[in-house]
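Quick notes on the structure that follows.
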Amino acid sequence: MVKSGLLLVLSGPSGVGKGTVKSAIVEKKVFPFQYSVSMTTRKPRPGEVDGVDYFFVTKERFQEAIDNDELLEYNEYVGNFYGTPIKPVEEQLAKGNDVLLEIDVNGARKVREKMPDGVFIFLTPPDIHTLRSRLENRGTESEEVILGRIAQARKEILVMEDYDYAVVNDTVANAVSHIKAIVDAEHVSVKRVIDSYRKMVQED
Ligand code: 5GP
């Protein structure tokens with residue numbers, strides 16, 4: 001029997017840089033894994049490719065996916081729906097491949113309920129001041145929206161108690177190297193390897 005792959009869930013508060021860290025892991029192929037492409041009703045941004053960054057779908061198609069139980073989890077975020085198609089995740093894990101999800105904290109909570117064996121990694125800002133300047137530097141939101149997001153992030157940071165690891169996103173390179181260390185360690189954690197050693201000691 002093939003050993004199941006690891007389900008790696010990268011999450012954290014809005015504005016912390018989850019997308020940037022995920023892209024760095026994907027582009028630099030820091031460790032072998034399959035990225036779980038989410039389904040979304042949001043419109044593609046310039047440069048985003050359907051089936052690579054997201055599956056861009058209509059609200060009707062998204063609703064159909066919900067009704068048919070095609071999603072491991074889904075959530076609404078600023079007026080758009082985002083969800084994780086379950087089939088590719090299950091197929092890849094069964095083949096022994098690690099699967100990376102980059103999702104918001106609500107989605108991660110739902111995944112934890114269904115797949116508690118996953119590795120839940122919480123990305124945090126170094127401090128509130130840094131989060132504020134990152135949100136301001138995006139230059140896309142009003143002061144009121146920024147204050148709202150900071151208030152939301154203060155609450156979301158404490159959600160980390162439901163996670164296995166907290167990784168500070170001070171620089172992308174540091175965050176990526178900590179995540180690689182976590183994945184390497186998880187692959188040799190006793191609870192994940194004990195079954196293969198039980199088999200080994202029974203061999204002639
Ligand atoms: P963006 O629109 O900037 O690509 O993503 C917005 C938010 O949606 C980010 O916090 C991202 O992590 C989250 N997100 C992306 N895909 C999924 C998903 O499949 N499920 C959930 N719950 N959140 C997602």
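Not measured: the values here are computed from a predicted model. Whatever order the structure lists them in is the order used to number ligands and atoms, beginning at 1.
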For V188, what are the other residues in its hydrophobic cluster, where any two members join if their side-chain heavy atoms are less than 4.5 angstrom apart? none
Does a donor on one side chain sit under 3.5 Å from an acceptor on the other, for Y35 and Q92? no
With sequence neighbours excluded, residues passing salt bridge (charged side-chain N to carboxylate O under 4.0 Å, His left out) with D117: none
What residues sit with at least one heavy atom under 4.0 Å from ligand 1? K18, S38, R42, R45, Y54, E73, N75, Y77, Y82, G83, T84, E102, I103, D104, G107
Donor-acceptor under 3.5 Å (T40 side chain, Y54 main chain): no
Can you label the angle between the Y74 ring and the F81 ring as parallel, tilted or perpendicular, going by 30° and 60°? tilted
Hydrophobic cluster partners of I194 (side-chain heavy atoms under 4.5 Å): V190
